Amino acid sequence: MKIWVLIKKDISLCPQWIIAGIVLTLLAPVYFLYMSDLNELLLEPVFLISALFGCNIAISRICYIEDNYETQKLLNSMPISKYELVFSRYIEGLALIIILILLVIINENFILDGNLDFDNSLMFFSIGLMFEGLYLFFFYKWGANIAQYALVALMAILGMAYLIIEKLDISLGRTSITMEIDIIFAVAGLTTYIVSALMSCKCYKSI
């Protein structure tokens with residue numbers, strides 16, 4: 001299948017960047033826990049941010065290579081549709097988020113003796129989907145340079161969501177995140193990702 005050929009191509013071109021994203025996801029929380037004065041209550045946000053930055057390192061390099069004129073010229077000469085090109089990138093993004101979140105769960109629960117439960121894991125996964133969806137849409141709409149601001153846009157959106165939730169008096173404490181909020185985030189993450197993929201197909205322009 002052509003999509004899998006494209007995915008293999010991306011992995012073969014950027015193995016060191018994918019490994020770098022994985023290493024950052026695993027080691028950043030260790031550093032902040034044992035080599036800084038970070039309050040332990042803030043450790044879970046560090047796990048999330050580490051996974052987002054790890055994802056950003058890998059996916060941004062893959063997109064940067066695709067944004068190259070010669071790469072675009074090569075892709076356009078191949079018998080593949082724009083939908084296959086775009087959807088291959090979204091499948092990669094989904095796989096990357098799943099792998100990094102699983103590593104976060106293993107790292108906190110089995111290596112650092114933490115307690116990352118299902119609710120928080122679902123929240124992390126949902127936020128990861130939002131980030132990937134924003135990044136890839138920005139990339140296909142405006143290019144790799146603008147896509148780097150996706151993480152900033154996500155933080156702004158999450159900040160506004162937090163303020164709205166706070167106004168509604170819904171607790172977001174470390175041990176009191178309700179299942180209803182997790183489901184809302186999961187629906188928002190999946191919706192963002194699906195809508196982003198469809199919009200990216202419309203935005204994609206070949207050379």
Side-chain angles (χ1 to χ4, degrees), residues 7 18 21-30 32-33 38-60 87 89-138 147 150-200:
I7 292 173
I18 296 173
I22 291 173
V23 170
L24 175 64
T25 300
L26 290 174
L27 295 187
V30 175
F32 281 106
L33 180 62
L38 181 73
N39 190 306
E40 199 168 321
L41 291 176
L42 298 176
L43 188 59
E44 285 188 3
V46 169
F47 274 101
L48 172 59
I49 293 171
S50 300
L52 291 179
F53 273 108
C55 183
N56 184 66
I57 287 173
I59 202 70
S60 63
F87 286 141
R89 193 71 71 251
Y90 276 84
I91 292 173
E92 288 171 2
L94 178 61
L96 189 60
I97 283 294
I98 291 173
I99 290 170
L100 292 183
I101 295 303
L102 286 175
L103 289 175
V104 164
I105 294 171
I106 293 170
N107 199 21
E108 181 169 359
N109 290 346
F110 300 103
I111 298 176
L112 299 180
D113 296 323
N115 183 29
L116 185 63
D117 58 21
F118 174 79
D119 293 348
N120 284 339
S121 300
L122 181 60
M123 180 81 75
F124 283 14
F125 175 69
S126 303
I127 292 173
L129 284 181
M130 293 179 196
F131 166 69
E132 285 279 11
L134 286 173
Y135 187 97
L136 291 172
F137 172 69
F138 283 14
L151 192 56
V152 176
L154 176 63
M155 294 304 177
I157 292 170
L158 292 178
M160 288 187 291
Y162 177 82
L163 291 176
I164 292 171
I165 291 170
E166 195 176 50
K167 290 290 184 181
L168 295 175
D169 294 324
I170 299 176
S171 175
L172 281 179
R174 187 171 186 268
T175 58
S176 59
I177 299 178
T178 64
M179 191 61 185
E180 289 77 12
I181 295 298
D182 295 331
I183 292 174
I184 290 172
F185 266 88
V187 171
L190 286 171
T191 302
T192 300
Y193 207 67
I194 293 170
V195 171
S196 170
L198 296 174
M199 292 179 66
S200 292

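The structure presented is a predicted model; accordingly, all values stated were derived computationally and were not measured.
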Identify, with sequence neighbours excluded, every residue that meets side chain to side chain contact (heavy atoms under 4.5 Å, CB included) alongside Leu48. Leu52, Phe124, Ile127
Locate the shortest heavy-atom distance separating Ala51 from Thr25; write the atom from each residue and the value. CA-OG1, 3.7 Å
Is there a side chain to side chain contact (heavy atoms under 4.5 Å, CB included) between Leu158 and Phe131? Walk through the geometry before answering. CA-CA 11 Å; Leu158 292 178; Phe131 166 69; over 6 Å; no
Could you list all the salt bridge (charged side-chain N to carboxylate O under 4.0 Å, His left out) pairs where at least one residue sits in residues 90-99, not counting sequence neighbours? Arg89-Glu92
CG/Leu26 to CZ/Phe47 distance, rounded to the nearest 0.5 angstrom? 9.5 Å
By side chain to side chain contact (heavy atoms under 4.5 Å, CB included) - contacts of Ala186 (at least two apart): Leu122, Ser126
Sorted by chain and residue number, the side chain to side chain contact (heavy atoms under 4.5 Å, CB included) partners of Ser200 (sequence neighbours excluded) come out as Val86, Tyr90, Phe137, Tyr140, Ser196
Given Leu100, Ile98, Ile99, the one that forms side chain to side chain contact (heavy atoms under 4.5 Å, CB included) with Leu102: Ile98
Roughly how far, to the nearest 0.5 Å, is CD1 of Ile105 from CZ of Phe118? 9.0 Å
Of Ile49, Ile111, Leu112, which is the lone residue that meets side chain to side chain contact (heavy atoms under 4.5 Å, CB included) with Pro29? Leu112
Which distance, rounded to the nearest 0.5 Å, do you find between the CD1 of Ile59 and the CG of Leu96? 6.0 Å
Distance in Å, Ser50 OG paired with Ile22 CD1, rounded so as to fall on 0.5 Å steps: 14.0 Å
Hey, could you give me each pair passing side-chain hydrogen bond (donor to acceptor under 3.5 Å, both in side chains) that has a residue in residues 93-105? Not counting sequence neighbours. none
If you compare all heavy atoms of Leu116 against all heavy atoms of Val104, which two are closest, and at what distance to 0.1 Å? CD2-CG1, 3.7 Å
List in chain and number order the residues that pass side chain to side chain contact (heavy atoms under 4.5 Å, CB included) with Ile57, two or more places apart in sequence or in another chain; answer none if no residue qualifies. Trp17, Ala20, Leu24
How many angstroms lie between CG in Leu136 and CZ in Phe87, if you round to the nearest 0.5 Å? 12.0 Å
Does atom CZ of Phe53 have more than 12 heavy-atom neighbours from other groups under 6.0 Å away? no
In short, side-chain hydrogen bond (donor to acceptor under 3.5 Å, both in side chains) pairs touching residues 127-138 with sequence neighbours left out are Tyr135-Gln148
Can you see which heavy atom on Leu190 is nearest to which on Leu129, and at what distance? CD2-CD1, 3.7 Å
For Phe125 versus Ile97, what's the shortest heavy-atom pair and its separation? CD1-CG2, 3.5 Å
